[in-house]
Participant: 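Here it is, the structure in full.
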Amino acid sequence: MTRGKADAPSAARAADLRARIDDANHRYHVLDEPEIPDIEYDKLMRELSELEATHPELVTADSPTARVGAAPSGAFAPVPHEIRMLSLANAFTPDEVEDFVRRVEQRIEKTDPVFSVEPKFDGLAISLRYEDGVFVRGATRGDGETGEDVSANLRTIRSIPLRLRGTDVPTVLEVRGEVYMPRDGFEKYNERMRANGGKVLVNPRNGAAGSLRHLDPRLTAQRPLAFYAYAVGVVEGGALPTTHSATLAKFREWGVPVSALVDTAHGVAGCLAYYARIGAERDTLPFDIDGVVYKVDDYADQRELGFVGRTPRWAIAHKFPAQEQQTLIEAIEVNIGRTGAATPTARLVPVHVGGVTVTNATLHNADQVARLDVRIGDTVIVRRAGDVIPEVVRVVMELRPANAKPWTMPATCPICGSDIVREEGESVARCTGELTCAAQRVQAIFHFASRRTMDIDGLGERYIEDLSDLGYVVSVADLYKLTVDDLIAMKQRADERDGTIPETTKAGKVATKWAENLVEAIDKSRRTTLDRFLYALGIQHVGESTSKSLATWFGDLALIRHLPWPILKLVPDIGNEVAHAIDAFFQQSGNQTVIDDLFARGVVVTDTHPPSPKLRAELTVANVLAQFGIAKVTTKRAEQLGIAFESLAAVAGANADALLEAGLPTETAESLLTYVAMDEGRALLARCIDGMTRLAEATSAQATVETGVLDGKTVVLTGTLSALTRDDAKVRLEALGAKVAGSVSKKTSFVVAGEAAGSKLDKAQELGVEIWDEAALLAFLAKHSA
DNA sequence: ATGCCTCGAGTTCA
DNA sequence: CTCGAGGCAT
């Protein structure tokens with residue numbers, strides 16, 4: 001093979017070939033008007049790859065030959081989305097669409113607003129990043145915040161341009177859209193697979209999702225995938241039009257494929273007409289769709305509408321009715337969850353619904369079973385609700401066997417035999433076995449180890465079951481004393497128990513590696529944050545959000561684990577139920593022991609900090625007293641007491657005279673005295689007094705301890721940081737006392753400018769504000785972070 | 001008391 | 001994703 005310098009004619013020929021191939025792709029995928037036949041196209045491609053093979057120095061990153069697929073590259077790196085990838089609210093009926101449009105109209109004070117209307121493709125959402133017009137990276141949606149880098153696979157998709165056309169392309173442009181598998185491509189692929197005995201794809205949607213997750217892009221290249229854009233992410237160094245529809249039109253100019261079915265519509269009537277039109281075309285379309293999407297067209301209006309949680313208020317997905325199928329109920333089983341919730345689950349004769357095989361369907365609770373009157377042996381209609389989760393819609397009564405008996409919730413837990421109890425007014429029945437119940441224990445450990453809590457990679461439900469069954473792990477703290485030997489021994493015993501063939505020497509090596517990895521993952525999980533740790537504990541009613549609140553308000557588990565419920569209630573969104581649940585959890589000595597054990601075995605909460613100033617503001621005698629719910633002691637009375645007495649202890653110790661002197665009516669004073677006289681009342685007051693003291697100490701310690709290097713400094717972040725996300729940087733700067741602001745002013749202490757920083761950098765220079773590059777920030781953080 | 005909204009918990013399949 | 005229920009405003 002000639003490896004010398006490329007001669008000029010070869011270089012020119014390569015450039016020419018690339019231009020012609022790009023052009024053919026553009027015409028085919030974007031303009032939808034193929035010009036040259038496939039054979040011709042293949043010939044051009046072959047010539048180019050041969051040319052590149054003999055002259056490797058001619059290969060460019062955006063060469064169409066990259067589409068054949070590079071060699072496997074290992075795992076997918078996580079990619080943080082600077083601008084979150086959205087999920088949409090759903091509407092199923094015209095009424096819901098009307099409600100949506102009405103809400104929009106009210107908020108933006110316009111009637112019959114213009115919507116960009118689009119088909120909702122049934123594929124996989126991805127984000128493509130172009131820098132200077134060249135495709136540099138593509139990522140899956142992931143959880144919306146962080147996706148996976150699937151660039152190598154995306155490069156193989158011919159409708160994704162590797163280079164944008166036109167002169168007005170922004171320096172950085174993130175194009176968002178859907179990777180899907182066209183129906184004919186899906187059929188042909190499966191035909192081919194059936195012919196040579198390969199594995200067929202279940203449906204186009206899974207085909208698309210699965211294809212992008214191939215570690216070997218050469219496999220992805222074989223799959224018939226395509227792409228349509230429908231949204232925009234980060235834009236830097238350039239401007240987009242002021243409406244969504246104009247942006248999509250611009251995309252087309254730049255060579256990004258946008259479905260020809262996108263349109264604009266006015267008001268409810270326009271949207272519903274579009275829904276009807278697309279619905280009628282649905283079956284003849286070359287790709288699968290599961291509904292249509294309405295987006296408020298004007299970006300200014302979108303901004304005004306904003307978000308509720310993770311979903312925008314300016315868009316909604318109007319779904320087509322879910323597909324339904326008929327099948328048979330073989331059994332109704334009871335599942336025990338982390339909190340002991342006993343959930344009836346229908347075991348079904350497998351049936352294809354909406355493209356997947358369904359074998360289980362949750363029946364939620366006994367009420368639901370009764371409402372549907374589902375019995376074992378019944379024929380039922382199953383639907384894939386929303387998108388994924390199968391649901392039993394109704395029983396086909398005509399087909400009910402004569403001997404079918406109504407189902408009832410068992411009285412005892414199928415796992416541990418404890419009573420199953422349903423509280424008054426609750427819809428769920430619970431196993432009362434708590435942690436004596438193996439199922440609850442396994443679920444609790446599984447929750448503890450899961451991604452959003454301690455994040456122990458590789459510790460799945462199956463291993464937890466084995467560890468628990470074989471007695472290696474009883475409480476979550478036991479995870480942290482597991483050794484490699486323990487794990488290997490455990491696996492051996494599990495294999496023997498299951499009758500799995502004893503491991504050969506080669507497989508023995510694998511088991512060792514597995515155990516080593518798991519021990520390492522467990523070790524890695526030892527360092528965690530307070531919010532994750534709290535969430536991991538699995539306290540009833542304390543999920544991700546409440547854990548975050550608790551962490552920011554109190555800052556230290558040493559405090560939280562001793563606080564009585566009246567103090568916990570001071571936190572917004574924590575009411576009676578939640579506060580009592582937290583209190584009750586920590587009152588259980590067993591739970592305290594587990595926490596001590598965790599710390600003793602090396603678990604470290606890294607972000608402990610003093611209680612928040614907000615808490616200090618709320619933590620008054622009056623506020624705490626008002627939480628108790630003592631008869632007659634209203635908020636107003638509590639305030640009087642707060643003014644009259646310095647401390648909770650003083651209130652608790654006050655006699656009748658002192659209370660009357662504070663201006664309390666006789667009845668109120670009596671009620672309070674009665675409360676204090678009760679053992680329970682006195683005990684709770686004592687705990688509150690103790691809690692307030694602890695908090696006061698922790699807070700006063702703050703004055704001396706808090707010497708953040710960046711106290712009083714205001715920092716602005718701009719541009720793209722590469723080593724850490726903007727959020728990350730923000731958190732870490734704030735941890736050092738800085739305030740991270742959104743815009744530059746003369747009060748700004750310094751600006752951190754990443755790649756492709758824009759107007760904020762200009763402004764900083766103009767105002768003479770200190771400017772740091774990313775390296776300076778990293779160095780600073782490294783030096784000053786604990 | 002009543003209604004809205006957000007959060008928690010449980011769940012399916014590949 | 002969906003349902004139920006807790007928190008809070010009215």
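Hydrogens, waters and symmetry mates are skipped; everything else that's a heavy atom, side chains included, is used. Proteins get letters first, then strands, A, B, ... in listed order; numbering begins at 1 in each.
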Participant: With respect to the phosphate group of dC3(C), does any side-chain polar atom (N or O) of Asn365(A) fall under 4.0 Å of OP1 or OP2?
Facilitator: no
Participant: If you apply the rule side-chain contact (heavy atoms from CB on, under 4.5 Å), what do you find for Arg430(A) with Arg422(A), and how did you get there?
Facilitator: CA-CA 6 Å; Arg430(A) 286 176 201 282; Arg422(A) 182 171 166 185; over 6 Å; no
Participant: If only side-chain N and O atoms of Thr362(A) are considered, is one of them under 4.0 Å from the OP1 or OP2 phosphate oxygen of dT2(C)?
Facilitator: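 Checking dT2(C) against Thr362(A), no side-chain N or O comes under 4.0 Å of OP1 or OP2.
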Participant: Starting at the 5' end of DNA chain B and moving along, which residue's nearest nucleotide shows up first, Tyr535(A) or Arg313(A)?
Facilitator: Arg313(A)
Participant: Does a nitrogen or oxygen in the side chain of Thr339(A) sit under 4.0 Å from OP1 or OP2 of dG10(B)?
Facilitator: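 Looking at the OP1 and OP2 atoms of dG10(B), one of them is under 4.0 Å from a side-chain N or O of Thr339(A).
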Participant: If we count only N and O atoms by modelled type, under 3.5 Å, do the side chains of Asp95(A) and Thr93(A) hold a donor and an acceptor together?
Facilitator: no
Participant: Starting from the 5' end of DNA chain B, give me the residue, Thr343(A) or Thr546(A), whose nearest nucleotide shows up first.
Facilitator: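 Checking each residue's closest nucleotide, the 5'-ward one belongs to Thr546(A).
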Participant: CG of Leu570(A) versus P of dG7(C): gap in Å, rounded?
Facilitator: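 The distance from CG of Leu570(A) to P of dG7(C) comes to 14 Å, rounded to the nearest Å.
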Participant: For the pair made of CD1 in Ile574(A) and C1' in dG6(C), what is the distance, rounded to whole Å?
Facilitator: 12 Å
Participant: Could you tell me how far apart His364(A) (NE2) and dC3(C) (P) are, to the nearest whole angstrom?
Facilitator: 6 Å
Participant: What's the closest nucleotide to the Glu577(A) side chain, out of dC8(C), dG6(C), dG4(C)?
Facilitator: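 Out of dC8(C), dG6(C), dG4(C), the nucleotide with an atom closest to Glu577(A)'s side chain is dG6(C).
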Participant: Taking the minimum atom-to-atom distance to the side chain of Arg338(A), which one of dA9(B), dC3(C), dC13(B) wins?
Facilitator: dA9(B)
Participant: Report the residue from Thr345(A), Val392(A), Val334(A) that forms a side-chain contact (heavy atoms from CB on, under 4.5 Å) with Leu363(A).
Facilitator: Val392(A)
Participant: Which whole-number value in Å describes the distance from Gln368(A) CD to dG4(C) P?
Facilitator: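 Distance check: Gln368(A) CD to dG4(C) P gives 8 Å.
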Participant: In whole angstrom, what separates Arg452(A)'s CZ from dA9(B)'s C1'?
Facilitator: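 One finds 13 Å between C1' of dA9(B) and CZ of Arg452(A), rounded.
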Participant: Which listed nucleotide (dG4(C), dG6(C), dC3(C)) is nearest to the side chain of Val578(A)?
Facilitator: dG6(C)
Participant: Going through the checks in order, is the side chain to side chain donor-acceptor pair (under 3.5 Å) test met by Arg103(A) and Gln106(A)?
Facilitator: CA-CA 5 Å; Arg103(A) 283 196 301 271; Gln106(A) 274 169 7; over 6 Å; no
Participant: Nearest-Å distance, CD (Glu96(A)) to P (dT2(C))?
Facilitator: 10 Å
Participant: Check this for me, if you would: do Asp373(A) and Arg375(A) make a salt bridge, where the nitrogen-to-carboxylate-oxygen distance has to be below 4.0 angstrom?
Facilitator: yes
Participant: Expressed in angstrom and rounded to an integer, what is the separation of Ile582(A) atom CD1 from dG8(B) atom P?
Facilitator: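 Going from Ile582(A) (CD1) to dG8(B) (P), I get 10 Å.
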Participant: Any chance the rings of His318(A) and Phe100(A) have centres within less than 6.0 Å?
Facilitator: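 So the answer is no for these two rings.
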Participant: Are Lys548(A) and Asp573(A) close enough for a salt bridge, meaning some N to O gap below 4.0 Å?
Facilitator: no
Participant: Between dC3(C), dC13(B), dG10(B), which nucleotide gets closest to the side-chain atoms of Ala341(A)?
Facilitator: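 For the Ala341(A) side chain, the nearest candidate turns out to be dG10(B).
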Participant: Counting heavy atoms from C-beta on, name the nucleotide in dG4(C), dG8(B), dC13(B) closest to the side chain of Asn360(A).
Facilitator: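 So the side chain of Asn360(A) is nearest to dC13(B).
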Participant: Near DNA chain C, under 4.0 Å by heavy atom, which residues of residues 426-445 of chain A?
Facilitator: Glu426(A), Ser427(A)
Participant: Hey, is Arg347(A) close enough to Glu333(A) for a salt bridge, meaning N to O under 4.0 Å?
Facilitator: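 Salt bridge flag = yes for Glu333(A) with Arg347(A).
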Participant: Just how far, in rounded Å, is P of dA5(C) from CG of Asp573(A)?
Facilitator: 19 Å
